[in-house]
Chemist: 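Below you'll find the structure I mean.
Chain letters run A, B, ... following the sequence lines, proteins first, then strands; residues in each count from 1.
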Amino acid sequence: MVLCEIKGLDKRFGGIHVTRSMDFKIQEGELSAIIGPNGAGKTTLFNLISGFIRPDKGQVFFMGRDITNMTPENITRLGMVRSFQVSSIFPDEKVFDNIFLAALSYHKKNWSFYKTNTAYKDAMKDAEIILNSLNLNEKAHLWAYELSHGDQKVLDIAIALAMKPSLLLMDEPTSGMSPDERKRMKVLLKRLHEEFKITIVFIEHDMDMVMDVAQKVRVLVQGQLIAENTPEVIMQTQSVIDAYLGEDGF
Amino acid sequence: MMNNIKGQYIGWIVFFIVFMSLAFLNPTEHTINIASKILVMGLFATAFNLLFGTTGLLSFGHALFFGLGAYITGMVVKSYGAEVFIPMVFLGGIISAIVSILLGFLCLRLTGVYFTMLTLAFAQLVWGITIKWYNFTGGDDGIQGIERPPLFDTFSSYYILILIVVFISMLLIYIVRSSPFGMVLRGIGQNPKRITFLGMNVYRHCLFAYVISAFFSAIAGGLFAGIDGSIHPNLFFWTQSGGVILMTILGGLNSFFGPLIGATIFIILEDVVIRQTEYWSFVIGVIMLSAVIFLPKGVISLLDFIQRLRKT
Amino acid sequence: MEIYISQFIGGLSVAMLLFLVASGLSLIFGVANIFNFAHGSFYLLGSYIAYQTISLFPNFWIGLITATIGAGLIGAILEFIFLKRLYGRVNEGPFQILLTYSFILILDDAVKFIWGPEYKTIVKPDILEGSFVIGSIFIPKYNVFIIIVGIAIALLAWYVLNKTKAGMIVRASSLDRTMVGLLGVNVSMVMTAVFGIATALGGLAGAMAAPLRTVTPGAGIEVIIDSLIVVVLGGLGNFWGALLGALIIGEVNAFGILWIPQWASLLSFAIMIIVLIFKPQGLFSKSR
């Protein structure tokens with residue numbers, strides 16, 4: 001079943017054509033990667049899909065609905081959630097409260113202003129479950145800014161999980177990580193896919209990670225989707241090799 | 001987290017006992033006058049900080065709401081008598097809240113310095129209108145001889161009324177701050193983009209906070225009208241907005257009681273300094289400069305410091 | 001008809017004074033990302049330093065020069081001692097506004113302390129007394145002088161910013177401080193220098209305005225609020241925006257006094273509010 005469909009998506013910033021009539025379908029249950037040289041428009045693509053910027057042309061469908069002109073808040077509420085390259089957390093809140101805030105939003109309690117927030121048991125429970133399953137429970141009472149870089153990225157994902165996403169768009173989950181942290185992230189991605197049954201699309205530069213984790217790879221070069229296939233096939237595709245060699249040669 | 005809650009609990013008790021006992025210590029009229037102003041300005045600063053201390057949005061025009069509360073109460077009481085005083089304080093809050101919806105609709109589309117300056121411009125505009133519209137507002141003369149409400153018509157009984165209203169109002173603001181909504185506001189201050197990508201609308205949450213803040217600022221203004229029985233267009237002036245910002249920073253913008261403590265220091269200091277020298281602004285300027293440079297988290301951070309010393 | 005032309009010229013000279021203050025405000029914001037709330041107080045200092053100099057050495061031109069240099073020096077010193085400490089701090093924006101607000105309180109009271117609260121006047125130099133007469137229109141020479149100085153400063157600033165190495169460094173610093181720092185430029189000194197130049201422009205405006213308006217301790221506040229409106233109208237950090245904003249406010253005030261004298265002082269606010277509703281980032285906004 002198609003979860004998300006991108007149809008003829010097109011975007012220019014001034015003279016730069018960042019997304020060129022892009023077409024593809026994200027199948028429910030897929031775990032796929034988007035790769036491409038710097039400036040290929042990978043993050044822009046996520047921004048377009050998630051409603052953060054508007055396309056010049058084309059449409060985005062999510063769970064059968066046209067979401068092209070919807071606000072990012074409403075798209076998030078439909079179950080498409082993002083995590084970010086620079087971990088997007090609330091640094092001056094406790095780790096627990098970071099996840100709790102997201103859970104409150106999921107339970108639509110963000111407008112409640114007359115009861116202290118500890119009164120919201122559903123959200124508390126959700127936050128605790130996520131905290132435990134991502135092994136953050138020992139750090140629950142630290143301030144988020146006290147966490148290591150790797151843990152902050154895990155927290156970013158934990159925040160996203162509290163929204164109970166059906167589609168998770170992850171922008172470079174391993175950027176800036178040590179080899180050990182990368183291994184942990186690999187395991188975590190597979191778990192999210194298998195245990196939590198979340199459809200995941202992630203942008204990645206680390207080829208090991210892509211080969212190991214992704215079931216499907218899409219290659220973006222200069223705003224164009226030039227290939228879409230299994231990792232094994234992609235590595236043999238001449239156009240992909242050219243694109244990357246071109247970058248290295250430069 | 002537990003410690004925090006206990007700390008706040010003690011804060012409320014100290015707050016109430018200190019201000020309540022003042023009424024029974026056979027105080028002079030001057031003492032009560034100062035204490036009344038501390039409570040009113042403390043509420044104003046706490047209401048202001050509901051927006052600033054959480055979302056980081058610095059309004060330089062909150063005097064507009066304070067002044068509006070004062071003028072609505074003052075003008076109506078002047079025309080219809082003291083019986084309507086208390087309802088008018090409340091009505092002032094409601095009208096201010098409605099005005100703040102309109103203003104917030106315009107100002108909150110901007111952020112940072114633009115928001116600050118637009119709020120300043122609106123407040124200055126209202127200040128100008130108040131001065132020029134002599135027939136309606138009394139212009140530069142202000143309004144004198146505003147009667148206090150029946151039952152609370154002496155300076156000490158009026159003080160009790162102020163204490164009750166301020167206490168309840170601050171409790172309500174505290175509840176808002178510790179609710180999920182309050183948490184969202186803090187989240188907006190730290191990472192508005194994340195709030196958007198958690199399915200929440202930053203603008204609407206800020207607007208609601210702005211409206212609540214305006215409501216309580218006007219309540220404080222309404223109470224102020226009865227302290228000296230006189231009000232002046234300068235309640236709308238930008239120095240009034242500046243004063244409340246200063247109190248907040250001085251006391252500590254990250255703590256709930258910070259603004260109240262800041263107001264206490266500010267008003268006592270003003271009372272003392274003005275009797276010594278006419279260069280009050282200079283003194284307050286030096287204090288503010290030192291606070292910004294040396295105590296960015298406010299006087300309340302001194303408490304933490306002492307606590308840490310005791311522990312080690 | 002004559003009255004319109006003379007109001008227009010009057011408005012133009014007010015606009016140029018505003019432009020001198022506002023361009024400095026805008027420059028500081030654009031380059032150092034500081035919102036200098038105390039900018040009007042440097043205008044005030046300029047007026048008083050000029051007054052003081054002229055009462056010691058009765059020469060208008062020496063007064064202009066000392067006012068410019070004096071305000072610039074004080075500005076640079078304040079930036080060096082205090083504002084530098086805030087760079088990169090959490091909540092930097094609000095704290096900048098507060099720190100510069102405390103400058104206003106201190107400087108305005110210091111002026112009152114040193115020179116007293118009463119009005120001071122500066123007499124125009126003889127050469128700028130009187131008016132040019134064209135038909136039945138009288139154009140005060142002093143206004144023409146201000147307009148010429150304003151245009152000259154605008155051209156000079158454009159030249160320095162766009163055609164010289166110093167200007168290039170300043171413009172580059174506004175875009176990427178770290179990068180410029182890596183190139184071996186002392187960015188911290190660039191900031192201090194920019195702050196000094198901007199406050200010097202404010203001081204010059206104050207000195208030039210002194211013969212037109214009386215010098216009083218409260219003038220700084222009025223000026224800062226007007227210049228705020230000007231820069232917000234034009235778009236913060238935009239040099240030409242400041243010029244456009246100053247022209248609008250100068251002329252609106254000049255004609256407002258003619259048509260609706262009682263409400264004229266509120267017109268600037270009304271215009272600012274209208275502009276911000278339709279163009280929230282100012283008239284000259286461009287996404288950078």
Chemist: Out of curiosity, A:Leu169 CG to B:Phe197 CZ, how far, rounded to the nearest 0.5 Å?
Modeler: 9.0 Å

Chemist: Any side-chain to backbone donor/acceptor pair from B:Arg194 onto A:Asp156? Under 3.5 Å, distance only.
Modeler: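 Yes, B:Arg194 side chain to A:Asp156 backbone: donor-acceptor pair under 3.5 Å.
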
Chemist: Quick one: which of A:Pro72, A:Ser112, A:Ala160, A:Ala123 has the most heavy-atom pairs under 4.5 Å with chain B, could you say?
Modeler: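 Maximum pair count with chain B is reached by A:Ser112.
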
Chemist: By a 4.5 Å heavy-atom criterion (distance strictly below it), what part of B:Arg177 contacts chain A: side chain, backbone, both, or neither?
Modeler: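 Neither the backbone nor the side chain of B:Arg177 comes within 4.5 Å of chain A.
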
Chemist: With a 6.0 Å cut-off (strictly less than), is the heavy-atom count around NZ of A:Lys25, excluding the residue itself, greater than 12?
Modeler: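 For A:Lys25, atom NZ is not crowded (no more than 12 foreign heavy atoms under 6.0 Å).
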
Chemist: Name the region of A:Thr71, side chain, backbone, both or neither, that has any atom closer than 4.5 Å to a heavy atom of chain B.
Modeler: neither

Chemist: Would you please go through residues 178-191 of chain B and name the residues with a non-hydrogen atom below 4.5 Å from one of chain A, in numerical order?
Modeler: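 Within residues 178-191 of chain B, the residues that come under 4.5 Å of chain A (heavy atoms only) are B:Ser178, B:Ser179, B:Pro180, B:Phe181, B:Met183, B:Val184, B:Arg186, B:Gly187, B:Gln190, B:Asn191.
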
Chemist: Listed by residue number, which members of residues 87-107 of chain B have a heavy atom under 4.5 Å from any heavy atom of chain A?
Modeler: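 The residues closer than 4.5 Å to chain A amount to none at all.
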
Chemist: Determine whether A:Lys108 and B:Met200 satisfy the following criterion, side-chain contact (heavy atoms from CB on, under 4.5 Å), listing intermediate values before the conclusion.
Modeler: CA-CA 9 Å; A:Lys108 299 200 171 112; B:Met200 294 177 276; over 6 Å; no

Chemist: Check for a donor-acceptor pair, side chain of B:Thr196 on one end and backbone N or O of A:Glu73 on the other, with a separation under 3.5 Å.
Modeler: no

Chemist: Taking side chain as everything from C-beta outward and backbone as N, CA, C, O, which of these in A:Leu104 sits under 4.5 Å from a heavy atom of chain B? Side chain, backbone, both or neither.
Modeler: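 When you check distances to chain B, only side chain atoms of A:Leu104 fall under 4.5 Å.
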
Chemist: More than 12 heavy atoms of other residues, nucleotides or ligands under 6.0 Å from CZ of A:Arg191: is that the case?
Modeler: yes

Chemist: Quick check on A:Tyr106 against chain B: is it the side chain, the backbone, both or neither that has a heavy atom closer than 4.5 Å?
Modeler: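 Interface part for A:Tyr106: neither.
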
Chemist: Report which part of A:Ile89 has an atom under 4.5 Å of a heavy atom belonging to chain B: side chain, backbone, both, or neither.
Modeler: backbone

Chemist: Side chain, backbone, both or neither: which part of A:Ala162 has a non-hydrogen atom closer than 4.5 Å to chain B?
Modeler: neither

Chemist: For A:Lys109, I'd like to know if atom NZ has over 12 heavy atoms of other residues, nucleotides or ligands within 6.0 Å.
Modeler: no

Chemist: Mind ranking B:Leu198, B:Leu172, B:Ile175 by heavy-atom pairs under 4.5 Å with chain A and telling me who comes out on top?
Modeler: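 Among the listed options, the one with the most contacts to chain A is B:Leu198.
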
Chemist: Take B:Val176 and A:Tyr114, measure what side-chain contact (heavy atoms from CB on, under 4.5 Å) needs, and give me the verdict at the end.
Modeler: CA-CA 6 Å; B:Val176 171; A:Tyr114 48 87; over 6 Å; no

Chemist: Is B:Ile195 close to A:Asn110 at the side-chain level, that is, under 4.5 Å between some pair of heavy atoms?
Modeler: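 A:Asn110 vs B:Ile195: side chains apart.
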
Chemist: What residue, out of A:Arg82, A:Met80, A:Glu93, has the most heavy-atom pairs lying under 4.5 Å from chain B?
Modeler: A:Glu93

Chemist: Can you tell which of B:Lys193, B:Arg204, B:His205 has the highest number of heavy-atom pairs within less than 4.5 Å of chain A?
Modeler: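 The residue among B:Lys193, B:Arg204, B:His205 with the greatest pair count is B:His205.
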
Chemist: Tell me, side chain or backbone of A:Tyr120 under 4.5 Å from chain B's heavy atoms, or both, or neither?
Modeler: side chain

